[in-house]
2 protein chains.
Amino acid sequence: MRPSLSSQRLSTKDLVYFEIKQKIIEGLLKPNQSINEESLASELDISRTPIREALQRLEMQELVIRLPNGRLKVAPISIQEVEELFNVRSLLEGLVTREATIQATDKDMEKLKQYTQLIVDASEADQRVDVVNFGSEFHNYLYQISRNQTATKILNQLNDRVSRYRRLAPTKDNKRSQQAAEEHKKLFEAIANRNHDQAEKLMREHIHNSLNAAKSSIALHLHNNE
Amino acid sequence: MRPSLSSQRLSTKDLVYFEIKQKIIEGLLKPNQSINEESLASELDISRTPIREALQRLEMQELVIRLPNGRLKVAPISIQEVEELFNVRSLLEGLVTREATIQATDKDMEKLKQYTQLIVDASEADQRVDVVNFGSEFHNYLYQISRNQTATKILNQLNDRVSRYRRLAPTKDNKRSQQAAEEHKKLFEAIANRNHDQAEKLMREHIHNSLNAAKSSIALHLHNNE
DNA sequence: AATTGCATAACTGTATACAATTGCTTTTAG
DNA sequence: CTAAAAGCAATTGTATACAGTTATGCAATT
């Protein structure tokens, strides 16, 4: 998610960071593709300095890999990575959900209810993209409520990496959309009832279900492109 | 040709990263202290370029904070941060422990047994520093066995941040050392018995117990220095 | 004395220049 | 003809120069 441009001035380095990241997520820069600082610099018509700093951030985030000789390439994708990402996310999303359930105000509950309704509506209209987007907003709002900056920062970075895989999943898996909507409904109920154990458990299961839905199509993609 | 040396070779940027990080952990650079690129550069007798890149890595790791005006300061410490760190660590350490329990070879088990014995011996000799160090090696070895690169990378970064707080804890809390040794013994048993549920649970509890042991002394320190 | 405005200093952001390393091609010894 | 090596090209690492921004101190004004 891109911070609003109006609220804070962004340096060239920051803009480049978001730009390259987006290219990696969208597959414009493909897994394992080698990265050249100078060609990126001339392409964006700036010097190498901000490019280097943006790339280093992406390297820290593991969207870019540094080879032993110092050169860079776009990080590969793999079934193992997806599983790792979802296993870690499952725990951390569960944690923030638990904390949010305990700390949410009545106003927060109202907001969560609205997001849930948007998800349900989108799924009934077979708008999978909307289900995913409102789902993200729902999750992000939970991060906010939890006020857990450490978990939130990690989750945001992991979610960027997950985005690469979402692109590979089928664009109209309505069955999964409906299931996801159902899961969010149950999740919201648990949160609204202040049942943090149940909420944490449901969130973990929700993440794992997303993984299972995604895995087969990803495996297929990886097999076709090796 | 000397391939072993060339692969080990670290750039100035990397060395500076470790050096500044160490200074922050040891408290030579104090929480909230403002950081000046140029003075660091002249102090280490290098240019600003590698300093900037090292600082950016530390910023990503949240050991350094960037103010809205672009200037940097050493990240503050707080009770809230400790709690967040331990809550996240608890879950991730539990995850890698579970995975390690499933995947460990007989040789791995032997190695873990040795580390456990070293911890027990150190605690009986009232060598708290050794208890902490062997404890770290035990944990790091679990990371290795788990082969979970995502969790390992996150844990290593979190552990750097935790190190700052360890420095504030009393240097000779032998009661806690003995308790930690006992916990590691039980943990090893669960791992050796391939009881991954129990191992995960014990590891989570172990981390939470460390937090509770550390929290009071940290609270005291924060109170005395505000 | 407090406040505003301006000048200047201090600092970060970006560009460019240069050094060091790596990869590649060609040459040359066997 | 093969393989090591020399030389060149491409690329990253570091230093320096310059531009832009923010903070600071001082003077003027009320």
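All figures in this text were calculated on a predicted structure; none of them were measured in a lab. We use all heavy atoms of the structure for the numbers below, so side chains are in, but hydrogens, waters and symmetry mates are not. In the text below, chain A, chain B and the rest are named by the order of the sequence lines, each starting its count at 1.
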Rounded interatomic separation in angstrom, taking CD from B:Gln56 and P from D:dG13: 14 Å
N-O pairing of B:Arg57 and A:Glu59 below 4.0 Å: no
Between C1' of C:dT12 and CG of A:Asp14, the distance in whole Å: 13 Å
Neighbour count >12 (heavy atoms, 6.0 Å) for atom NZ, A:Lys153: yes
For atom CG of B:Leu40 and atom C1' of C:dT12, their distance in whole Å: 14 Å
Salt bridge present between B:Glu53 and A:Arg52 (N-O < 4.0 angstrom): yes
For atom CD of A:Glu38 and atom C1' of D:dG13, their distance in whole Å: 13 Å
Members of residues 45-54 of chain B that approach DNA chain C, where some heavy atom sits under 4.0 Å away: B:Arg48, B:Arg52
Within 6.0 Å of CG in B:Asp106, more than 12 heavy atoms from elsewhere: no
Whole-Å gap separating C1' (C:dT22) and CG (A:Asn36): 13 Å
Gap between atom CZ of A:Arg167 and atom CD1 of A:Ile24 - 0.5 Å precision: 12.0 Å
Residue A:Ser11, side-chain heavy atoms: nucleotide from C:dT12, D:dT12, C:dG13 that is nearest: C:dG13
Centroid-centroid distance, B:Phe138 to B:His184, less than 6.0 Å: yes
Value in whole Å for how far the C1' atom of D:dT14 lies from CD of B:Glu37: 15 Å
Give every pair of a protein N or O atom and an N or O atom of nucleotides 21-25 of chain D that lie under 3.5 Å apart, one pair per line with the distance.
from   : atom 1 : to      : atom 2 : distance (Å)
D:dA23 : OP1    : B:Asn69 : ND2    : 2.7

B:Lys111 charged N/C atom sitting above B:Tyr141 aromatic ring, 6.0 Å / 45°: yes
Distance below 4.0 Å between B:Thr12 side-chain N/O and D:dT14 OP1 or OP2: yes
Touch class at under 4.0 angstrom, heavy-atom based, for A:Leu55 against every strand present: nothing
From A:Val82, A:Leu85, A:Ile218, A:Val74, residue fulfilling side-chain contact (heavy atoms from CB on, under 4.5 Å) relative to A:Arg164: A:Val74
